[in-house]
Amino acid sequence: MSTDKGSVVRELFDRIAARYDRANTVMTGGMDVLWRRAAVNQLHAADDGRLLDLCCGTGALARDMARRVPEGLVDAIDFSPKMLEIARAHESPGNVVYHEGDVLALPFESGTFDGAAMGYSLRNIVDIPACLREVARVLKPGASFVNLEVSKPPNPLWRRLFYLYFYNVLPVLGRMAGGDAAAYRYLPQSLVNFPDADGLAALFQANGFAYVRYVRIWGSVSALHIGTKERVPSAIRTDLPMTADLLA
């Protein structure tokens with residue numbers, strides 16, 4: 001990730017790395033575990049497939065992905081050295097390889113991966129369209145990118161309640177559990193200019209993904225966007241509506 005914003009975000013995640021997992025558990029009430037599993041369940045890869053975890057952080061999603069391809073490989077990449085230190089210190093399946101690098105310039109050849117995923121990081125990317133194009137580049141035809149991210153509930157009442165929690169309560173919990181008040185004030189603010197679920201689906205379609213759908217989680221406080229490159233794999237039903245509710 002380039003530009004000054006990228007440097008600021010990298011330094012922020014370096015600062016909170018040691019307490020990042022604990023803070024996530026506190027702020028989500030432990031639901032982040034279920035949401036990651038829901039994301040991995042949207043990946044359709046053979047047991048010996050090769051998957052990519054983007055902005056892997058402390059490696060929680062990568063470890064779940066590794067169990068999805070027990071005979072394959074998961075490449076996990078992040079630009080925060082401190083996050084990668086924590087990830088490598090975890091007891092991980094033997095088929096996870098961690099890389100320090102930039103998701104806007106992935107160090108992999110085109111058409112390498114059978115699937116890719118990202119968890120709660122896309123809103124921090126400097127150039128989202130460029131990131132999507134880069135992910136599409138390294139995927140094989142028919143492979144999917146699953147993005148798990150905070151979303152903006154369409155229901156006005158639910159959105160107001162969620163924003164009350166997200167912008168007021170969450171920073172307090174983050175400060176208490178994560179030990180960095182400034183970081184946990186920034187993270188909620190990163191949603192302000194992030195597109196809603198429909199807008200993000202449109203970005204997927206405009207930047208390398210031929211078939212796109214999204215799944216709402218818990219009344220749309222989060223969403224899973226699934227973009228498939230060039231053709232629809234046989235494992236995915238094309239008669240499903242673009243949107244659905246998951247864990248609602």
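Below, all heavy atoms of this structure are taken into account, side chains as well, without hydrogens, waters or symmetry copies.
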So, do [X] and [Y] sit near enough that their side-chain heavy atoms are less than 4.5 Å apart?
| X | Y | value |
| --- | --- | --- |
| Ser7 | Arg10 | yes |
| Tyr165 | Val221 | no |
| Leu148 | Ile217 | yes |
| Val97 | Leu73 | yes |

* Measuring from Ile77:CD1 to Leu106:CG, what's the distance to the nearest 0.5 Å? ->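 Going from CD1 on Ile77 over to CG on Leu106, the span is 5.5 Å.
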
* From Asn95 atom CG to Asp48 atom CG, the distance as rounded to the nearest 0.5 Å ->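 These two atoms lie 11.5 Å from each other.
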
* Is the Phe145-His225 ring centre distance short of 6.0 angstrom? ->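 No, ring centres 6.0 Å or more apart.
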
* Run the numbers on Asp32 and Arg36 for salt bridge (Lys or Arg N to Asp or Glu O under 4.0 Å), then give the verdict. => CA-CA 6 Å; Asp32 58 313; Arg36 285 195 303 270; 3.0 Å; yes

* Asked: Asp198 and Tyr214: side-chain donor and acceptor closer than 3.5 Å?
  ->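 Checked: Asp198/Tyr214 side chains pair up, N/O donor to acceptor below 3.5 Å.
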
* Please report the shortest heavy-atom distance between Ala87 and Gly57, naming the atom on each side. =>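 Result for this residue pair: CB-O, 3.7 Å.
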
* Give the ring-plane orientation class for Phe113 versus Phe108, where under 30° counts as parallel, over 60° as perpendicular and anything between as tilted. =>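 Taking Phe108 first and then Phe113, their aromatic rings stand perpendicular (interplane angle over 60°).
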
* Tyr20 and Phe13 aromatic ring geometry - parallel, tilted or perpendicular at 30°/60° bounds ->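 Correct class here is perpendicular.
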
* **Whether over 12 other heavy atoms sit under 6.0 Å from Asp47 CG** =>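 Atom CG in Asp47 is crowded, with more than 12 foreign heavy atoms closer than 6.0 Å.
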
* Do the side chain of Lys229 and the main chain of Ala136 share a donor and acceptor less than 3.5 angstrom apart? ->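 Confirmed, Lys229 side chain pairs with Ala136 backbone.
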
* Can any side-chain N or O of Glu100 pair as donor or acceptor with the backbone N or O of Leu84 at less than 3.5 Å? ->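 Flag not set: sc Glu100 to bb Leu84 has no pair under 3.5 Å.
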
* State whether Asp114 and Lys140 are salt-bridged, where the test is any N-O pair (Lys NZ or Arg NE/NH1/NH2 against Asp/Glu carboxylate O) under 4.0 Å. =>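 Judged by the 4.0 Å cut-off on N to carboxylate O distance, Asp114 and Lys140 do form a salt bridge.
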
